[in-house]
Each structure stands twice: as C-alpha cells, then as structure tokens.
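The structure under discussion appears below in the form of structure tokens.
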There are 2 protein chains.
Amino acid sequence: MARFDLLPQAHSSGTNQAARLIPCAACNVRELSICDALRGPEIDRIAEIVSRISIPAGRTVFQEGDEADYVYNIISGALRLFKLMPDGRRQITGFLFPSDFVGIALKARYAYSAESVCDMIVCRFPRHKLEALFADFPALETRLLETAGNELIAAQDQMLLLGRKTAAERLASFILRLLERASARGAKTEAIELPMTRTDMGDYLGLTVETVSRTFTKLRQNGLIATPNPHEVEILDPGGLERMAGGG
Amino acid sequence: MARFDLLPQAHSSGTNQAARLIPCAACNVRELSICDALRGPEIDRIAEIVSRISIPAGRTVFQEGDEADYVYNIISGALRLFKLMPDGRRQITGFLFPSDFVGIALKARYAYSAESVCDMIVCRFPRHKLEALFADFPALETRLLETAGNELIAAQDQMLLLGRKTAAERLASFILRLLERASARGAKTEAIELPMTRTDMGDYLGLTVETVSRTFTKLRQNGLIATPNPHEVEILDPGGLERMAGGG
DNA sequence: CGGTTCATTGATTCGCGTCAATGCAGGTGG
DNA sequence: CCACCTGCATTGACGCGAATCAATGAACCG
C-alpha cells in the first residue's frame with residue numbers, strides 16, 4: 001500500500017509557487033471552509049502555515065493509525081475516508097468535496113484512512129500549528145466545533161441509512177445528499193458528478209457493487225434519474241427520489 | 001408521544017434542593033465529564049446555570065426537531081438517542097451513560113429524539129448560557145471539541161458495524177464497547193448491565209429483536225458469555241468475543 | 001493488441017427478517 | 001390470593017432482499 005508522497009520536487013515547487021500566486025485571500029472555497037472564521041489580515045496567519053498540494057487519483061493520503069500530523073481542506077477533487085476490517089471488508093465513512101475539512105477528530109492518530117478518488121488539490125495544515133492558532137482566534141475553534149456538530153448529524157443520518165434503509169432508499173438518499181452538497185458549493189444541480197466507482201458507493205452504502213448497479217437500473221427504469229455515463233446522474237424527478245429515499 | 005415534563009412541583013423543588021446540597025464540587029462524574037475543563041472556583045459558574053433533574057424510565061426528554069434549548073450531562077441511568085422514519089422504523093444512534101454529554105451538535109434544533117432507558121438523573125444546562133461561558137473559559141470549548149472528535153470516531157466505528165458486520169459481530173462488538181465504557185466509568189467489568197431491551201439493541205445494531213435474541217443464544221452456546229438474566233451479561237471469554245467481533 | 005478495471009446483468013444462495021407461538025415476570029383489580 | 005393482562009424474551013418455520021458466483025462487454029492503456 002503506497003503511502004502518499006509529495007509530488008516530485010519539480011512539480012511540487014511548482015504547486016508551492018502556485019500557492020504564493022493564489023494566496024488564501026483569493027481562495028475559491030474560503031467562505032465555505034473553516035478559514036471563513038478568520039477575517040482580513042488574520043487570514044495571513046493561516047496562509048503562513050498552509051501548503052497547497054496536488055494529489056493524483058488513487059493515492060493514499062494517510063492511513064488509519066498513522067500519526068495525525070496534518071489536517072486538510074479540500075480545494076478541488078474528492079477524497080474517500082474509510083475503515084478496513086482485517087479480512088478486507090471496507091466501510092467508507094465519508095466522501096469529502098471542495099470546502100470540506102479533514103481531521104476534525106484531532107487525535108494523536110488518524111481513526112480512518114484517506115485516498116484520493118480523483119486528481120485533487122488540498123490545503124494541508126500542520127495540526128499543532130493550527131491548534132496553536134486557537135488561542136489567538138477562538139472563532140476558529142468555534143467554527144471547528146460547529147463543523148464537528150454538522151458531521152455528527154450527518155453521521156447519524158448515515159447510521160439510519162445503514163441500519164434501516166433498503167437498497168433503493170440508500171441509493172436515492174445518497175444521490176439527494178450529493179445534490180444538496182453540490183448546490184451548497186454552488187455546483188450545477190441538473191446533473192451531478194459521481195467521481196467515485198460503483199464499488200466505492202457500495203462500500204459507503206453498505207451494499208455490494210452488483211446491488212448498487214442493479215439499483216441504478218431500477219431508479220432509471222422508474223424514471224427518477226438518467227445516467228448518461230456511469231459518473232454522471234441527472235435528476236429527472238426530485239420529488240419521486242425524495243419519496244424513494246423514505247424520509248427520515 | 002408525551003413530552004418530557006419536569007417532575008411534579010413538590011418533587012421538582014426537592015431535586016433542586018438536592019442540587020444545592022450536592023453541588024458540582026462533589027459531583028461523582030465531574031472528572032469524567034465536560035465540567036472537568038473547569039478548575040476550582042470556575043466550577044461555580046457552571047453550578048449557577050445547571051439544574052439537576054430526575055427522570056423516570058421511558059420518558060421523552062426531547063424530540064427531533066424541537067428547539068434545542070438545553071444540553072445535558074448524564075449523572076446516573078441511561079438515555080437512548082434515536083431517529084424515526086415516517087413508517088416507524090427506528091435507528092438508535094447512541095446510548096448515553098453517566099458522564100456522557102448530550103447536545104454536542106449545538107444546532108438550533110435537535111437532530112434526534114432522546115428517551116430515558118431507565119430512571120435517571122441528569123444535569124441540564126441552558127444551551128445559550130453554556131455557550132456564553134466559552135468566552136471566559138475557552139478550555140470548555142476545547143473540551144467540547146475533543147468530545148465531539150471522540151463521538152465522530154465512535155460514529156465511524158458504528159458505520160463499519162452497520163454497513164459491514166454480521167449479526168454475531170455486531171452483538172459481540174456492542175458488548176465489548178459497553179464493557180470498555182463501563183470500565184472507563186469505573187464500573188464493574190466481570191458482569192455488565194444492559195439497561196435497554198432487546199428491541200433497543202436491535203434498533204441500535206440494525207437488527208430485529210429476534211435476531212438479537214438468537215445471537216445472544218449463539219454467543220452463550222459458544223461459551224463466550226453468560227446471561228444470568230436478560231439485563232446482565234457476564235464475559236466468559238473476552239478473547240473469543242474480540243475474535244467474534246471481527247476486528248476493524 | 002492483450003491486459004486491466006469497471007459496469008451491468010443473470011442465476012443461485014443464504015443470512016436475516018417476518019410471522020407465529022410459547023413462556024415468564026410484573027402489575028392491577030376483584 | 002388469584003385471575004388477568006401486558007411487555008419482554010425466546011424459539012421455530014418460512015420467505016425475501018441482498019450477497020455471491022459467474023459471464024459479458026465497454027473503456028482505457030502501456
């Protein structure tokens with residue numbers, strides 16, 4: 001299992017230059033991210049400790065049990081967080097998209113692994129340096145607590161999904177949730193992008209690839225969605241999809 | 001669905017007197033709870049805003065969607081948090097025991113309902129007054145963030161359980177988790193108490209009552225546990241139980 | 001162009017859910 | 001004290017939804 005490495009030096013210094021050229025002040029996800037807790041010149045204190053890093057698709061960013069030296073903010077692309085059982089069963093605990101923050105659980109070690117779903121750009125913060133900013137900027141900690149609360153609520157929704165929903169309800173809920181998040185980020189919402197594979201979706205929804213695939217077919221046959229290609233869904237009938245998602 | 005009401009006035013004022021007679025300084029779960037973030041005289045600031053309340057078994061403490069005016073600390077007894085689907089399917093998202101804090105997700109409305117599993121005593125804080133203490137005692141907010149992180153990690157473990165584990169693995173994991181928590185609270189660990197019903201366990205583990213009952217029988221037959229009565233488990237073979245829980 | 005990964009579909013299996021019956025403990029009222 | 005009820009736990013018989021096993025085809029790629 002290849003660990004995540006910085007890009008080759010030439011490329012890496014390229015992205016570091018990019019970071020200087022496009023500082024936090026011009027960040028396209030700032031007002032959605034935790035950095036929004038900082039105002040005006042305060043943002044420079046964040047800028048001092050951050051590295052903007054490109055990560056190609058399919059890379060391990062960190063693994064469960066690693067020293068949690070860094071936390072991340074997603075700028076573009078998507079990340080999957082997951083836990084593995086010794087026999088290889090995998091549960092994806094979340095997909096992260098631009099403006100999402102990785103590492104709320106500020107423990108000594110990561111409680112899950114993280115891999116890039118596609119090419120992506122992240123902001124990386126040394127954890128202890130970010131924590132050191134809490135003293136000067138309590139709003140940052142408040143913001144993090146707020147984010148943690150949102151994550152907990154999402155986690156509870158996911159427990160309901162995994163514990164009590166049928167395959168069709170799970171997939172419908174998943175699509176609607178992605179739709180919400182896409183619209184919160186200001187992305188287009190007629191069609192939404194699914195950067196992850198069917199296997200990823202299955203491991204997120206507690207299903208197998210085959211069941212995910214069959215359920216896509218079912219939703220398509222019911223006229224709720226269209227899938228022009230495997231990584232794109234069009235929402236044809238939002239109301240019907242809501243009904244299919246089962247409420248709760 | 002009867003809402004939680006304070007106890008009848010006579011009784012209620014009795015418990016308020018009790019709160020004054022047994023102030024926070026003598027609280028038996030303080031060093032385990034969020035209140036541990038406050039030292040010496042600071043604890044009085046908490047004591048000013050807290051009410052200690054008795055709640056009989058089976059009461060609704062709050063419901064999903066209610067205004068989240070209060071947060072709680074469990075002193076004794078047990079609480080179940082859950083979400084309902086319109087057709088009545090229920091997912092219990094957590095059981096809370098002494099020293100646990102309810103309401104980390106400090107949103108305007110509760111994201112889940114809460115009912116007492118058995119008779120219990122809680123400390124109740126007006127949410128906005130607790131938040132007001134953050135400014136004077138940033139350690140309190142840090143402590144809450146830490147607690148939220150722990151909850152998030154627990155939530156991810158539960159997702160793995162619900163998404164990928166078999167019935168036997170779920171029940172074994174559940175028993176071991178209760179054992180850990182009991183020992184963290186300093187409770188006895190040869191036998192652990194199960195204040196909730198089989199139905200509650202099923203709704204927590206994503207199973208039916210019948211499957212929970214059959215799985216208890218199976219663990220008993222394998223010599224891993226004994227159940228002198230339905231609300232008590234003895235751990236006969238912790239190693240075997242760990243193996244049965246499937247790692248991860 | 002063979003090799004790999006991914007998505008889809010079909011046939012079959014199986015773990016858990018559903019339905020049903022029994023027994024026990026606790027509470028209530030006659 | 002006993003008859004009755006209710007809630008909970010357990011067990012058995014059966015069915016179903018999703019997993020497993022297997023095959024095919026498309027896209028991509030060194």
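Predicted model only: the values in this text are computed from it and were never measured. Letters go in sequence order (proteins before strands), and every chain restarts at 1.
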B:Asp66 vs B:Gln63, side-chain hydrogen bond (donor to acceptor under 3.5 Å, both in side chains): CA-CA, chis, key distance, verdict: CA-CA 6 Å; B:Asp66 282 358; B:Gln63 278 188 296; over 6 Å; no
[X] [atom1] to [N] [atom2]: how many Å, rounded?
{"X": "B:His231", "N": "D:dG7", "atom1": "NE2", "atom2": "C1'", "value": "10 Å"}
{"X": "A:Glu232", "N": "C:dA7", "atom1": "CD", "atom2": "P", "value": "14 Å"}
{"X": "B:Arg170", "N": "C:dC16", "atom1": "CZ", "atom2": "P", "value": "7 Å"}
{"X": "A:Met196", "N": "C:dA7", "atom1": "CE", "atom2": "P", "value": "11 Å"}
{"X": "B:Arg89", "N": "C:dT18", "atom1": "CZ", "atom2": "C1'", "value": "14 Å"}
{"X": "A:Leu219", "N": "C:dT8", "atom1": "CG", "atom2": "C1'", "value": "15 Å"}
{"X": "B:Arg220", "N": "D:dT10", "atom1": "CZ", "atom2": "C1'", "value": "9 Å"}
{"X": "B:Leu194", "N": "D:dC8", "atom1": "CG", "atom2": "C1'", "value": "14 Å"}

Which side-chain N or O atoms in residues 237-248 of chain A pair as donor and acceptor under 3.5 Å with protein atoms at least two apart or in another chain?
{"unit_1": "A:Asp237", "atom_1": "OD1", "unit_2": "A:Gly239", "atom_2": "N", "d": "3.3"}
{"unit_1": "A:Asp237", "atom_1": "OD1", "unit_2": "A:Gly240", "atom_2": "N", "d": "2.7"}

Step-by-step side chain to side chain contact (heavy atoms under 4.5 Å, CB included) determination, A:Lys165 to B:Met85: CA-CA 9 Å; A:Lys165 289 190 177 182; B:Met85 291 176 68; 4.1 Å; yes
Under 4.0 Å protein heavy-atom contacts per nucleotide of nucleotides 15-30 of chain D, with B for base, S for backbone only and - for none: ---SSBBB--------
Distance below 4.0 Å between B:Thr197 side-chain N/O and D:dG7 OP1 or OP2: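 B:Thr197 to D:dG7 OP1/OP2: no side-chain N or O under 4.0 Å.
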side-chain hydrogen bond (donor to acceptor under 3.5 Å, both in side chains) partners of residues 181-192 of chain B, not counting sequence neighbours, each pair once: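 Found B:Asp100-B:Arg181.
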B:Glu64 backbone acceptor or donor facing B:Arg109 side chain under 3.5 Å: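 A pair under 3.5 Å: no.
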Option from B:Ser33, B:Cys123, B:Pro98 for which side chain to side chain contact (heavy atoms under 4.5 Å, CB included) with B:Ile75 holds: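 Only one option passes, and that is B:Cys123.
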